[in-house]
Amino acid sequence: MQDVNTTTVTEFVLLGFSNLPKLKNFMFCAVLMLYIICLLGNITIFLLVRTESSLHTPMYFFISIFTVLEIMYVSVTAPKLLAILIQNDNTILFYSCYVQSYAFNCLGQTECFLLSLMVFDRYLAINKPLRYSAIMNSRFCWKLSVLPWLLGFTIAPFPSVITFQSDFCGPNEINHFFCDSEQLSDLACSDQTFGKLSSMVACFTSIMLPFFSIVGFYIQIIYTVLKIKSKESKTKAFSTCSSHLIVACLFFGSGIMVYVKPKRSHLDKFCALAFTLVIPAINPFIYTFRNREVKNAFRKVSRQIIMQFQQSN
């Protein structure tokens, strides 16, 4: 295996949605709007959780970590996609492509592990209510929050490093709007058996294992909730999980459609657009409208801001 410096390809061309030229302006406006909504929404949730004392609980602590991850994850691909749509700037340098692919894989896999960690928190709250506060103390929460980042940034680099150490000596057009490792491996001149194998292992470890763990935890949660006699308690227990369940289904559903299914499709780019931009943009609304505590905290902070503004004038 040769070093990256021996490659003849110095840049790649991201085709993006070049097959839809009539929709370019519309897509630019839509992507820009979604990106702004994602940034503002996640920043709002983060600040709300940090400033409102009623939200200083393990569940909202992990949600605040999730919002930071979402902002970073979206910012890996959205700016370049906007440049492609508005300026036709569809070229990307070899090393820039490597950095984008590396960051995308690391953050995406970190999100998978974080979503499984968040359902573990709900499992403890519902199945171990008497011990929950003692187990999920502040120190333990911080330690747990590091784990998804550690796993994501440990597993993800292998496919990216192996792919970019390959020889690229011919075609340099990537039929995607970002540097996807699978698309890049198809452009390599050298044998990609080991690279594809490492990608399969990484996908199974970082997508399917967290997915199966989430399914397992929810089965136990549902079993426990169904044994609760009080209808009000059942509703309250389910409501604390509903937001996470919706977010996890959307993210893993679109991710599995792209990376786990055996054959590629022309719809893969749209599925990728869903879990890289659309879903992160609507997640803050899911956590807001599906959660009474967040809505109450938002109203309280909004009233305080309005009162302070009125007093200053």
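The basis for the numbers below is simple: all heavy atoms, side chains too, and nothing from hydrogens, waters or symmetry mates.
- Hydrophobic clustering, with ILVMFWY side chains joined whenever heavy atoms are under 4.5 angstrom apart, groups Met118 together with Val215.
- There is no path of hydrophobic side-chain contacts, each under 4.5 Å, that joins Ile155 to Trp149.
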Open item on the list: side-chain contact (heavy atoms from CB on, under 4.5 Å) for Leu187 and Glu173? Distances and angles first, verdict last.
Closed with: CA-CA 8 Å; Leu187 301 179; Glu173 291 185 343; 5.9 Å; no

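- Met208 has its side chain within reach of Ile256: a pair of non-hydrogen atoms, C-beta onward, lies under 4.5 Å apart.
- Side-chain atoms of Ile45 and Phe66, non-hydrogen and from C-beta on, never get closer than 4.5 Å to each other.
- Distance alone, capped at 3.5 Å, is enough to place a donor-acceptor pair between the Gln100 side chain and the Val76 backbone.
- Under the side-chain contact (heavy atoms from CB on, under 4.5 Å) criterion, Ile84 pairs with Leu14, Lys80, Asn90, sequence neighbours left out.
- Under the 4.5 Å side-chain contact rule for hydrophobic residues, Leu115 and Val146 do not share a cluster.
- Scanning for side-chain contact (heavy atoms from CB on, under 4.5 Å) contacts around Glu232 gives Ser230, with sequence neighbours left out.
- Residues Gln220 and Tyr223 fail the side-chain proximity criterion, which asks for heavy atoms closer than 4.5 Å.
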Open item on the list: Show, in sequence, the C-alpha distance, side-chain angles and deciding distance for Ile126 and Cys241, and conclude whether the side-chain contact (heavy atoms from CB on, under 4.5 Å) test is met.
Closed with: CA-CA 10 Å; Ile126 294 172; Cys241 301; 3.6 Å; yes

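- Remark: Thr44 pairs with Phe298 by the side-chain contact (heavy atoms from CB on, under 4.5 Å) rule, at least two apart or across chains.
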Quick one: side chains of residues 19-39, donor-acceptor pairs under 3.5 Å with protein atoms, not counting sequence neighbours, listed by atom name and distance.
from  : atom 1 : to    : atom 2 : distance (Å)
Lys24 : NZ     : Asn88 : OD1    : 2.6
Tyr35 : OH     : Ser75 : OG     : 2.9

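- The distance from atom CZ of Phe158 to atom OH of Tyr102, rounded to the nearest 0.5 Å, is 10.0 Å.
- Ring orientation note: the planes of Phe168 and Phe164 are tilted relative to one another, at an angle of 30° to 60°.
- Shown here for Ser254 and Ile279, the closest heavy-atom pair between the two residues is OG-CD1, 3.6 Å.
- Here the closest non-hydrogen pair linking Ala272 and Phe178 is CB-CE2, 4.3 Å.
- In this structure the side chain of Val49 never reaches within 4.5 angstrom of the side chain of Phe61, judged on heavy atoms.
- Under the 4.5 Å side-chain contact rule for hydrophobic residues, Leu81 and Val13 do not share a cluster.
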- [ ] Tell me, with the steps shown, if Cys249 and Leu245 meet side-chain contact (heavy atoms from CB on, under 4.5 Å).
- [x] CA-CA 6 Å; Cys249 287; Leu245 183 60; 4.0 Å; yes

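- When side chains are defined from C-beta on, Phe46 counts as touching Val68, because their heavy atoms get closer than 4.5 Å.
- Here the side chain of Tyr60 pairs no donor or acceptor atom with the backbone of Leu48 at under 3.5 angstrom.
- The CD atom of Glu182 sits 6.0 Å away from the OG atom of Ser199 when rounded to the nearest 0.5 Å.
- Interatomic distance, Ile207 CD1 to Glu111 CD, rounded to the nearest 0.5 Å: 11.0 Å.
- Using a 4.5 Å heavy-atom cutoff, the side chains of Tyr218 and His244 are in contact.
- Cation-pi contact between Lys269 and Phe177: absent, since separation from the ring centre below 6.0 Å together with deviation from the ring axis within 45° is not met.
- Under the 4.5 Å side-chain heavy-atom criterion for ILVMFWY residues, no single connected hydrophobic cluster contains both Leu150 and Val201.
- Shown here for Leu117 and Pro148, the closest heavy-atom pair between the two residues is CD2-CG, 3.8 Å.
- Atom NZ of Lys234 is surrounded by more than 12 heavy atoms from other residues, nucleotides or ligands within 6.0 Å.
- Leu277 places a side-chain heavy atom less than 4.5 Å from the side chain of Leu273.
- For the residue pair Asn283 and Glu70, a side-chain donor N or O sits within less than 3.5 Å of a side-chain acceptor on the partner.
- Residues Thr163 and Ser185 have side chains that never bring a donor and an acceptor to within less than 3.5 angstrom of each other.
- Between the side chain of His176 and the main chain of Gly16, no donor-acceptor pair closer than 3.5 Å is present.
- Taking the six-membered ring where the residue is Trp, Phe104 and Phe275 present tilted rings, their angle falling between 30° and 60°.
- Side-chain atoms of Thr205 do not come within 3.5 Å of backbone N or O of Ala202 as any donor-acceptor pair.
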TODO: Tell me, with the steps shown, if Phe252 and Cys112 meet side-chain contact (heavy atoms from CB on, under 4.5 Å).
DONE: CA-CA 8 Å; Phe252 279 99; Cys112 292; 4.0 Å; yes

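- Remark: side-chain polar atoms of Ser101 are not paired, donor with acceptor, to backbone N or O of Cys97 under 3.5 angstrom.
- Across all non-hydrogen atoms, the minimal contact from Phe113 to Ser206 is CZ-CA, 3.7 Å.
- Across every non-hydrogen atom of Thr110 and Cys106, the tightest pair is OG1-O, 2.7 Å.
- One finds the CG atom of Leu107 at 12.0 Å from the CD1 atom of Ile71 (value rounded to the nearest 0.5 Å).
- Looking at Leu151 and Gln109, their side chains never come closer than 4.5 Å, going by heavy atoms from C-beta outward.
- By the side-chain contact (heavy atoms from CB on, under 4.5 Å) test, Phe140 is found to be paired with Ile135, Met136, Asn137, Leu144, residues two or more places apart in sequence or in another chain being considered.
- In this structure, CZ in Phe12 is found 7.0 Å from SG in Cys179, a value given to the nearest 0.5 Å.
- Note that OG1 of Thr10 is 7.5 Å distant from CG of Leu93, once rounded to the nearest 0.5 Å.
- Listed by chain and residue number, Tyr132 satisfy the side-chain hydrogen bond (donor to acceptor under 3.5 Å, both in side chains) test with Asp121 (two or more places apart in sequence, or in another chain).
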